[in-house]
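The block underneath contains the structure these notes are about, expressed in structure tokens.
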Amino acid sequence: MAFVRDAANAPRQAAAMAVGNVEDPASLREAIRDVDGVCHLAARARVRESLADPLPYWRTNVNGTLNVLEALTDRDAPAKLVLASTAAVYGTPTTQPINEDAPIAPTNPYGATKAAADLAAANVAATGQLGVTSLRAFNIAGAVDGHPDRDFTRLIPKVLAVQAGLADELGVNGDGSAVRDFVHVADMAHAFVLAIESCTPGEWRAYNVGSGRETSINDVLAAAEQITGRPVRITRNPPANEPRVLLADSQRIRDELGWQAPNSDLSQILSDGWKALTSAYATPE
């Protein structure tokens with residue numbers, strides 16, 4: 001298969017669709033039998049949901065990844081694999097920003113299952129059958145080509161949904177001073193392109209992918225109000241048992257792959273998400 005560096009401007013006819021299910025090994029093997037590289041993003045990814053119902057997370061995130069690994073190793077030449085991993089594998093580090101040498105210490109089933117998937121992929125890569133890169137994303141947001149994020153369990157999509165009248169209000173845990181690291185989905189997509197181009201058989205690499213910008217919940221609220229021109233309806237909840245600060249040290253991917261995050265300014269993330277959401281849900285005249 002061919003990889004296009006500028007995915008946003010790639011001709012639509014350049015890609016063919018093959019449908020498979022990571023929980024169905026036969027359909028998965030058929031879907032990827034003619035490819036030499038895979039970007040594996042199929043996963044369950046809600047922290048609170050994983051705490052309430054962990055078994056589906058182990059089934060999809062771990063067994064599904066094992067099925068991908070098995071399908072890619074059942075061939076003559078080594079393939080390339082890029083895993084969508086997460087900063088949740090680090091749990092709650094005491095040192096910020098977080099680099100790739102931080103201990104793997106997940107505090108929820110979501111993070112634990114993604115850490116297990118990373119380890120399985122690293123073990124298979126060590127045999128020489130694959131080249132694997134794990135991209136440990138922090139908080140992906142924004143929109144590309146007018147496609148909004150409809151997962152309103154996430155902070156920025158929920159804020160924008162409230163502003164668009166698609167949700168009643170946003171629940172804010174504590175005083176809104178918790179800090180997170182947001183990266184634009186377009187910059188994340190570019191990291192996948194660079195990662196799959198650089199995969200080397202017999203090697204596994206992990207890269208943190210984040211903007212490195214400190215953004216509090218209150219910062220998101222203020223920016224959303226400025227962009228949409230109206231106050232955000234919120235309800236205050238007690239502080240949650242969650243890290244106060246999570247920031248990425250993405251120097252390794254910048255140095256080794258030349259990755260940058262030119263779109264990951266909070267204003268652009270929110271503006272792109274707002275335009276996509278309001279366009280997608282606009283009522284035809």
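Bear in mind the structure is a predicted one, so any value in this text is a computation, not a measurement.
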How many angstroms lie between atom [atom1] of [X] and atom [atom2] of [Y], to the nearest 0.5 angstrom?
{"X": "R48", "Y": "T153", "atom1": "CZ", "atom2": "OG1", "value": "8.5 Å"}
{"X": "N218", "Y": "S177", "atom1": "CG", "atom2": "OG", "value": "7.0 Å"}
{"X": "L135", "Y": "S85", "atom1": "CG", "atom2": "OG", "value": "8.5 Å"}
{"X": "Y57", "Y": "N63", "atom1": "OH", "atom2": "CG", "value": "15.5 Å"}

Exercise. Shared ILVMFWY cluster between L160 and L266, side chains joined below 4.5 angstrom?
Worked result: yes
Donor-acceptor pair, distance only, cut-off 3.5 Å: does the side chain of [X] make one with the backbone of [Y]?
{"X": "T94", "Y": "T92", "value": "no"}
{"X": "S216", "Y": "D219", "value": "yes"}
{"X": "E23", "Y": "G64", "value": "no"}
{"X": "S27", "Y": "N21", "value": "yes"}
{"X": "T278", "Y": "K275", "value": "yes"}
{"X": "R236", "Y": "N173", "value": "no"}
{"X": "S211", "Y": "V183", "value": "no"}
{"X": "R252", "Y": "A206", "value": "yes"}
{"X": "N67", "Y": "V22", "value": "yes"}

Is there side-chain contact between [X] and [Y], with at least one heavy-atom pair below 4.5 Å?
{"X": "R44", "Y": "N61", "value": "yes"}
{"X": "C199", "Y": "V132", "value": "no"}
{"X": "R29", "Y": "D74", "value": "yes"}
{"X": "T133", "Y": "W204", "value": "no"}
{"X": "P78", "Y": "Q129", "value": "no"}
{"X": "L257", "Y": "S198", "value": "yes"}
{"X": "L83", "Y": "T65", "value": "yes"}
{"X": "I234", "Y": "L221", "value": "yes"}

Restricting to non-hydrogen atoms, name the atom on [X] and the atom on [Y] that form the minimum distance, rounded to 0.1 Å.
{"X": "G171", "Y": "N237", "result": "CA-ND2, 3.7 Å"}
{"X": "L270", "Y": "A224", "result": "CD1-N, 3.8 Å"}
{"X": "L130", "Y": "L81", "result": "CD1-CD2, 4.5 Å"}
{"X": "I227", "Y": "S267", "result": "CD1-O, 3.6 Å"}
{"X": "R75", "Y": "I32", "result": "NH2-O, 3.0 Å"}
{"X": "P148", "Y": "A143", "result": "CA-CB, 4.3 Å"}

Exercise. Who passes salt bridge (charged side-chain N to carboxylate O under 4.0 Å, His left out) against E256, sequence neighbours left out?
Worked result: R205
Exercise. R33: what forms a salt bridge (charged side-chain N to carboxylate O under 4.0 Å, His left out) with it, not counting sequence neighbours?
Worked result: E30
For this session: Go through R233 and D168 one step at a time and tell me if the salt bridge (Lys or Arg N to Asp or Glu O under 4.0 Å) criterion holds.
Result: CA-CA 7 Å; R233 295 188 302 277; D168 292 335; 5.4 Å; no
[X]: which residues meet the side chain to side chain contact (heavy atoms under 4.5 Å, CB included) condition with it, sequence neighbours left out?
{"X": "N241", "answer": "none"}
{"X": "A120", "answer": "L66, L69"}
{"X": "L119", "answer": "N123"}
{"X": "Q260", "answer": "R254, P262"}

Seminar exercise, completed: Result for side-chain hydrogen bond (donor to acceptor under 3.5 Å, both in side chains) between H184 and one of N263, D272, D265 points to D272
Is there any salt bridge (charged side-chain N to carboxylate O under 4.0 Å, His left out) pair reaching into [range], and which pairs are they, with sequence neighbours excluded?
{"range": "residues 108-120", "answer": "D118-R136"}
{"range": "residues 146-160", "answer": "R46-D151, D149-R154, D151-R154"}
{"range": "residues 170-189", "answer": "D175-R244"}

For this session: Applying side chain to side chain donor-acceptor pair (under 3.5 Å), name anything that partners E70, two or more places apart in sequence or on another chain.
Result: none
Problem set entry | Test item: side-chain donor near acceptor, W259 and S250, under 3.5 Å | no
Exercise. Hey, is CD on E169 packed in by over 12 heavy atoms from elsewhere, all under 6.0 Å?
Worked result: yes
Problem set entry | Within 6.0 Å of CG in D255, more than 12 heavy atoms from elsewhere | yes
Exercise. Parallel, tilted or perpendicular: which fits the ring planes of Y281 and F152, with parallel below 30° and perpendicular above 60°?
Worked result: tilted
Contacts under 3.5 angstrom, residues 97-107 side chains, donor-acceptor by atom type, not counting sequence neighbours:
| residue | atom | partner | partner atom | Å |
| --- | --- | --- | --- | --- |
| N99 | OD1 | D101 | N | 2.9 |
| N99 | OD1 | A102 | N | 3.4 |
| E100 | OE2 | N208 | N | 2.7 |

Problem set entry | Test log, rule side chain to side chain contact (heavy atoms under 4.5 Å, CB included), inputs R230 and Q163 | CA-CA 7 Å; R230 64 188 73 128; Q163 298 304 81; 3.2 Å; yes
Exercise. So which residues get pulled into V179's cluster when ILVMFWY side chains under 4.5 Å apart are joined, directly or through others?
Worked result: V245, L247
Problem set entry | Residue pair I253, L194: steps toward the side chain to side chain contact (heavy atoms under 4.5 Å, CB included) verdict | CA-CA 9 Å; I253 192 172; L194 295 173; 5.8 Å; no
Problem set entry | Residues F192, L41; criterion side chain to side chain contact (heavy atoms under 4.5 Å, CB included); working and verdict | CA-CA 10 Å; F192 273 93; L41 293 85; 4.0 Å; yes
Exercise. Would V220 and L155 satisfy side chain to side chain contact (heavy atoms under 4.5 Å, CB included), going step by step from the backbone distance to the final call?
Worked result: CA-CA 9 Å; V220 172; L155 173 61; 4.1 Å; yes
